[in-house]
Undergrad: 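Here it is: the structure, laid out below.
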Amino acid sequence: MKKNIIAMNASIMIGLGSILAAPSVYAESISNLEKQKESIQEKRSGVESNISDTEKKIDNLQDKQMTAEDQIAALEAKIAESAKKIDAKNAEITQTKKEIEALKEEIKVLKERIAKRNEVLKERALSFQETGGDVNYLEVLFGSSSFGDLVDRVGAVATIAEADRDILKQHELDKKDLEEKQKAVETKLASLEVAKAELLEIQKQQKQQKQEKDALVKKLKQQTKKHEDEKMGLEEEKANLAAQEKAIKSAISLEHQRLAELEAARKKAAAEAKKRAEQEAAQAAAQAAAQAASQASQASETKKQSTSSGYSAKSNSSSSSSSSSQSSSNVSQAPAVSSGTFTRPSAGYVSSTMGERWNKQHAGIDIAASGTVPVVAAADGVVSRSYFSSTYGNVVFVTHSIGGQQWTTVYAHLSSRQVGEGAVVAKGQQVGIMGNTGHSFGQHLHFELHKGPWNYSKSNAVNPLNYIPN
């Protein structure tokens, strides 16, 4: 009997010891979670600072872009003004060329007239030279009717000769004037051509400046787009960090709840142990005369406990079998839950591994399969995000705390999501259905595993194939 009491007390103390040890384990887990929460808060603060810096860069680039666009508008106005001036010069040049052609025609006609007049004068001069002038005077003398008529005739001849000389002189003056006009117009034409060339050079420089400003605006737009994409990524990272912080808080709350339950269980176990010890002590002090009755009573009690225990085991076995059957039914198309830290998230074959792909880093693995394929949580955790992303499509993020280390798993391109943010999920619990949403080509699951929180650069990503069963 004493041996039975000692064994029973030892069993109670062992149970109590395990219960008493559990709170310290949970307290350590809470401490780790608190540290993770602080780390996430620091990272979130850093991301917010980066967002602010990126917004300043975007504002600065947009200011530069607006300035460059204003300069382009001014250059376009100058180019248009230069084009008008060039058109005006072209019109002047055309008109001047017409004037030159007209002057050339006038000079040509005048030259012809002068040439004809020169021929007439030459003939008269030749005749005068051959006769020495006598013939004319004799003709005038003998042909005159009187001396007065003679004088008139001599005066007329002299007048005609003087007139011929004046006409010839005037022709020469007209010719010289026209030639000077032609030279002046040609000088004007040359000046216009120089002015036009200068305007064309100015316009060329203006167009070159505009091309440079266009290239600058294009570059500024590209830089702005890059920073806007970076800002979007940082905002998504900020949202994920906020969701992870919320998930960590939920995990801390759960740990506190478990700790409270364990404390209550510890107190209850201690009270029961004390009560049982008092009962055993009372039984040990009972009279020897009542030993047989006590043994009979104890045997009866033992039988009842055995029967109750057997029934409980049977009930538990049945419940376990039912649960197993139900679980098997829920994940009938998914691989069996493994005993390792992480289980495989879905059935199918690995169609793409982690590494360089399409000149970008593929931060996870792709598991492909056809039909309706359930996707399950790779480990116990809290859903930090459940939303639709332009790249991930329907995606679920789960935050895990395993041995004091934070992990994050990502399940992307789902056709549907079956868990919401803040939900507590168990390892192997279904979180969605494999699909082809977001930036995806064909039905598959894109699965990422991050040792720590998810971030935009995915610097915490590790190869899932090193952690899940093949």
Undergrad: Given 3.5 Å as the limit, does a donor-acceptor pair link the side chain of H444 with the main chain of G442, or not?
TA: yes

Undergrad: Relative to each other, are the rings of Y467 and F342 parallel, tilted or perpendicular (30° and 60° limits)?
TA: perpendicular

Undergrad: Using every non-hydrogen atom in the two residues, find where D229 and Y456 come nearest and quote the distance to one decimal.
TA: O-OH, 3.8 Å

Undergrad: Under 3.5 Å, is there a donor-acceptor pair linking the side chains of T409 and Y411?
TA: yes

Undergrad: Minimum heavy-atom separation for S389 to V395, with atom names?
TA: CB-CG1, 4.3 Å

Undergrad: For residues P453 and N460, determine if any side-chain heavy atom of one lies less than 4.5 Å from a side-chain heavy atom of the other.
TA: yes

Undergrad: What residues, two or more places apart in sequence or in another chain, satisfy salt bridge (Lys or Arg N to Asp or Glu O under 4.0 Å) together with D53?
TA: none

Undergrad: Locate the shortest heavy-atom distance separating G428 from V337; write the atom from each residue and the value.
TA: CA-CG2, 3.8 Å

Undergrad: Relative to the ring of H362, is the ring of H446 parallel (under 30°), tilted (30 to 60°) or perpendicular (over 60°)?
TA: tilted

Undergrad: Would you say Q443's side chain and A369's backbone share a donor-acceptor pair under 3.5 angstrom?
TA: yes

Undergrad: Would H439 and S390 count as a side chain to side chain donor-acceptor pair (under 3.5 Å) here? Give the steps.
TA: CA-CA 7 Å; H439 190 65; S390 59; over 6 Å; no

Undergrad: Just verifying a value: how many Å separate Q209 CD and I79 CD1, rounded to the nearest 0.5 Å?
TA: 8.5 Å

Undergrad: List the residues meeting side-chain contact (heavy atoms from CB on, under 4.5 Å) with Q211, not counting sequence neighbours, and say none if there are none.
TA: Q208

Undergrad: Any non-hydrogen side-chain atom of V350 less than 4.5 Å from a side-chain atom of D366?
TA: no

Undergrad: Look only at the side chain of R417 and the backbone of S386, and say whether a donor-acceptor pair between them is shorter than 3.5 Å.
TA: yes

Undergrad: Please report the interatomic distance CZ(F441) to CG(N436), rounded to the nearest 0.5 Å.
TA: 9.0 Å

Undergrad: Inspect the contact between K218 and D214 and indicate whether a charged nitrogen and a carboxylate oxygen are less than 4.0 angstrom apart.
TA: no

Undergrad: Apply side-chain contact (heavy atoms from CB on, under 4.5 Å) to residues L445 and L414 and explain how you reach the verdict.
TA: CA-CA 7 Å; L445 167 68; L414 304 174; 4.1 Å; yes

Undergrad: Quick one: CG on L200 to CD1 on I86, what's the gap to the nearest 0.5 Å?
TA: 4.0 Å

Undergrad: Tell me the closest heavy-atom pair linking L61 and H227, and the distance in Å.
TA: CD1-CD2, 3.3 Å

Undergrad: Measure from the side-chain N and O atoms of T224 to the backbone N and O of L220, and report whether any donor-acceptor pair falls under 3.5 Å.
TA: yes

Undergrad: Atom CD1 of I367 and atom NE2 of H413: how far apart are they, to the nearest 0.5 Å?
TA: 12.0 Å

Undergrad: What are the two closest non-hydrogen atoms of A239 and R385, and how far apart are they?
TA: CB-NH1, 3.6 Å

Undergrad: Enter the distance from E76:CD to K213:NZ here, rounded to the nearest 0.5 Å.
TA: 13.0 Å

Undergrad: Any sub-3.5 Å donor-acceptor pair from S416's side-chain atoms to G432's backbone N or O?
TA: no

Undergrad: Could you tell me whether K207 atom NZ has more than 12 heavy atoms of other residues or ligands within 6.0 Å of it?
TA: no

Undergrad: Are side-chain heavy atoms of L234 and T54 found at a separation under 4.5 Å?
TA: yes

Undergrad: At their closest point, which heavy atom of S82 faces which heavy atom of Q206, and how far apart are they?
TA: OG-OE1, 2.9 Å

Undergrad: Looking only at atom types and distance, does a side-chain atom of S191 sit under 3.5 Å from a main-chain N or O of T187, one as donor and one as acceptor?
TA: no

Undergrad: Report yes or no: do S459 and N455 form a side-chain donor-acceptor pair below 3.5 Å?
TA: yes

Undergrad: Are there over 12 heavy-atom neighbours, none belonging to K78, within less than 6.0 Å of that residue's NZ?
TA: no

Undergrad: Could you state the interatomic distance from CE (M354) to CD1 (I365), rounded to the nearest 0.5 Å?
TA: 10.5 Å

